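Read through the structure below, which is laid out as structure tokens, and then see the notes.
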There are 2 protein chains.
Amino acid sequence: MAAEIESHQHSLARELECVSGVPIFQQLAHNQMISVAEVTRAIHAQKGQIVFRPDAVSQTLYIVNTGQVRLYHLADDGKERVLRVLNPGDFIGEIALFTDEIHSDYAEATQTTELCTISRTDLTQLVRRLPTLALALLNALAQRLKTAEHQATLLAIPDALPRLAGYLLDLSQSQATTVTLPMSKQDLAAYLGMTPESLSRKLKQLVTLGAITTHGRREITIVTLAKLQAVAPQ
Amino acid sequence: MAAEIESHQHSLARELECVSGVPIFQQLAHNQMISVAEVTRAIHAQKGQIVFRPDAVSQTLYIVNTGQVRLYHLADDGKERVLRVLNPGDFIGEIALFTDEIHSDYAEATQTTELCTISRTDLTQLVRRLPTLALALLNALAQRLKTAEHQATLLAIPDALPRLAGYLLDLSQSQATTVTLPMSKQDLAAYLGMTPESLSRKLKQLVTLGAITTHGRREITIVTLAKLQAVAPQ
DNA sequence: CGTGTTCTTGATTGTCTTCAAACAGAGTGG
DNA sequence: CCACTCTGTTTGAAGACAATCAAGAACACG
């Protein structure tokens, strides 16, 4: 966690590659994509680098092209609380974009990451000119909203076990597959509103119940979906 | 909780009044508002009436014009969990609008309520034609997203007191004013991820601390903002 | 192969939930 | 207008659950 990332020369080719790789731009025609690429700047961040920090008045949309970005909040006790993990195609900054607000969170690359950035004014222009982009953005925001509200519902559950089970079901999309946790267990614990110790114990409990098995540090296989659903809420 | 609401004849005047009263349409020019009003239908709901219920494939945007709508989810134990309370200007259905999904919640009028409804296809057309509307919608969704993510952060706090304090600060916008709770205390308890008993005790604790006073059933006055902030997170 | 971090395990304390009952307020009908 | 009822809220006591503190084990790193 150290040096700020630096932006690059505008080379269009790189930007076009960035734009074409991102879902929200996928529905655009080729010439429209070029319009977007013209106002896009690609930036790179190495593992551990901070993409942006609180109090910076960022009027920029950041879209993850490759790699991963961890969005977290620093509590007054010094503990980090992960808000969200951004994988390729995900974006941040939409709040700062449409509402005059400074963000209060840190964004840190967890690996070598490429991002596309578009300034507020440029994006506003684009949305005005490209209705398809407007709809794609609305779509993406609606999706995010749904996730966030679902997570709030999950977190309102007092007991840790159903909360965890519900999270795992979301992650696996209710399939009996193997899922990779998107963050470390201590981050996940904070994300789920519990301590790392509790998370460890609850996972163990699910293993004992025969609902899941764990492989390595971040792999979880859902063995019996029904058993997981039995402890999950709703 | 009973009879379904009925929609009305399309009379434009009524619809225009509905459209002009809603923030997301406020930035539109008059002729644009008329375009919106043409595809809007106003519906009314009496206190206790269900506006929509789960499993109904609703591809409709509902905007509250007057009154109030309570959005809640029915858990398998039969308990209602309030997701959100919609006041004039607020809207629901944006998820069903942009993503092919059926909603799983109930929407119930808590008082005599007028809503504007716009169908998915009509709204899509409007967004394509009116960039200003697209931006207004993006703005509103971004705002909602911010609220939802903030609430998720709040709910991840294990201790009930700071969770409640944080909620009250949000409600009062960090002002030492009198606030009216948007829902009953038992609903609020579920919303905050605790039992009604705990909420009652924690409120009492805040009163004892000299942070707040209560008046009647839904009125809370923040006496000493600093004391409330002291127990709040972040 | 060591070193640091992450994760797990154990014992204890504290807090919240649960269950039960009393109380208050709003609405209703006599 | 008052008694009555129903729902919502508060209070109390007991038990369950998760947080905390402390230490050890597993893993990733150089």
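All values derive from a computational prediction rather than experimental measurement.
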Measure the [atom1]-[atom2] distance between [X] and [Y] for me, rounded to the nearest 0.5 Å.
{"X": "B/Ile212", "Y": "B/Thr214", "atom1": "CD1", "atom2": "OG1", "value": "6.5 Å"}
{"X": "B/Leu199", "Y": "B/Leu164", "atom1": "CG", "atom2": "CG", "value": "6.0 Å"}
{"X": "A/Cys116", "Y": "A/Phe25", "atom1": "SG", "atom2": "CZ", "value": "7.0 Å"}

Checklist entry - What are the bounds, 5' to 3', of the part of DNA chain D that sits under 4.0 Å from heavy atoms of chain B? => result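 Under 4.0 Å from chain B, the extent on DNA chain D is D/dG8 to D/dA13.
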
Just to verify, what does [X] make a side-chain contact (heavy atoms from CB on, under 4.5 Å) with, not counting sequence neighbours?
{"X": "A/Gln186", "answer": "A/Ser184, A/Pro196"}
{"X": "A/Thr177", "answer": "A/Ser172, A/Gln175, A/Val179"}
{"X": "A/Val223", "answer": "A/Thr213"}

Next on the checklist: Parallel, tilted or perpendicular, judged at 30° and 60°: which one describes the rings of B/Tyr106 and B/Tyr72?
Outcome noted: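 Geometry flag for B/Tyr72 against B/Tyr106: parallel rings.
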
Checklist entry - By a strict heavy-atom criterion of less than 4.0 Å, which residues belonging to residues 197-214 of chain B are in contact with DNA chain C? => result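 The stretch gives B/Glu197, B/Ser198, B/Arg201, B/Lys202 as the residues lying under 4.0 Å from the strand, ordered by number.
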
Item to check | Residues that A/Lys202 engages under salt bridge (Lys or Arg N to Asp or Glu O under 4.0 Å), provided they are two or more places apart | outcome: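 A/Lys202: no salt bridge (Lys or Arg N to Asp or Glu O under 4.0 Å) contacts found.
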
Next on the checklist: Taking A/Glu80 first and then A/Arg70, would you say they form a salt bridge - that is, a charged N and a carboxylate O separated by under 4.0 Å?
Outcome noted: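 Counted as a salt bridge, because a side-chain N and a carboxylate O are separated by less than 4.0 Å.
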
Checklist entry - Looking only at heavy atoms, what is the nearest atom pair of A/Leu115 and A/Cys18, with distance? => result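 Distance-wise, the nearest heavy atoms are C-SG, 4.0 Å.
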
Next on the checklist: What's the angle between the local helix axes at either end of the helix from C/dC1-D/dG30 to C/dG30-D/dC1, using five pairs per end and rounding to 10 degrees?
Outcome noted: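 The value is 50°.
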
Item to check | Short side-chain to backbone donor-acceptor contact, A/Glu17 and A/Arg14, under 3.5 Å | outcome: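 It does not hold such a pair.
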
Item to check | Sidechain-backbone polar pair: B/Thr113 side chain, B/Ala109 backbone, donor-acceptor under 3.5 Å | outcome: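 Flag not set: sc B/Thr113 to bb B/Ala109 has no pair under 3.5 Å.
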
Checklist entry - Considering residues at least two apart in sequence or located in another chain, which fulfil the side chain to side chain donor-acceptor pair (under 3.5 Å) criterion with B/Asn139? => result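 Result, side chain to side chain donor-acceptor pair (under 3.5 Å) vs B/Asn139: none returned.
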
Item to check | side chain to side chain donor-acceptor pair (under 3.5 Å) partners for A/Asp105, two or more places apart | outcome: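 By the side chain to side chain donor-acceptor pair (under 3.5 Å) rule, A/Asp105 matches A/His73.
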
Next on the checklist: Going 5' to 3' along DNA chain C, which are the first and last nucleotides with any atom under 4.0 Å from a heavy atom of chain A?
Outcome noted: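 Contact boundaries, 5' end first: C/dT6 to C/dA11.
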
Item to check | Residue closer to the 5' end of DNA chain D, A/Pro158 versus A/Gly216 (nearest nucleotide) | outcome: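 The answer here is A/Pro158.
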
Next on the checklist: Expected output is a numbered-order residue list: members of residues 184-196 of chain B with a heavy atom under 4.0 Å from any atom of DNA chain D. What is it?
Outcome noted: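 Of all residues in residues 184-196 of chain B, the ones placing a heavy atom under 4.0 Å from DNA chain D are B/Ser184, B/Lys185, B/Gln186.
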
Please list every donor-acceptor pair under 3.5 Å in which a side-chain atom of residues 152-162 of chain A meets a protein atom from a residue at least two apart or in another chain.
residue, atom, partner, partner atom, Å
A/Thr153, OG1, A/Glu149, O, 2.8

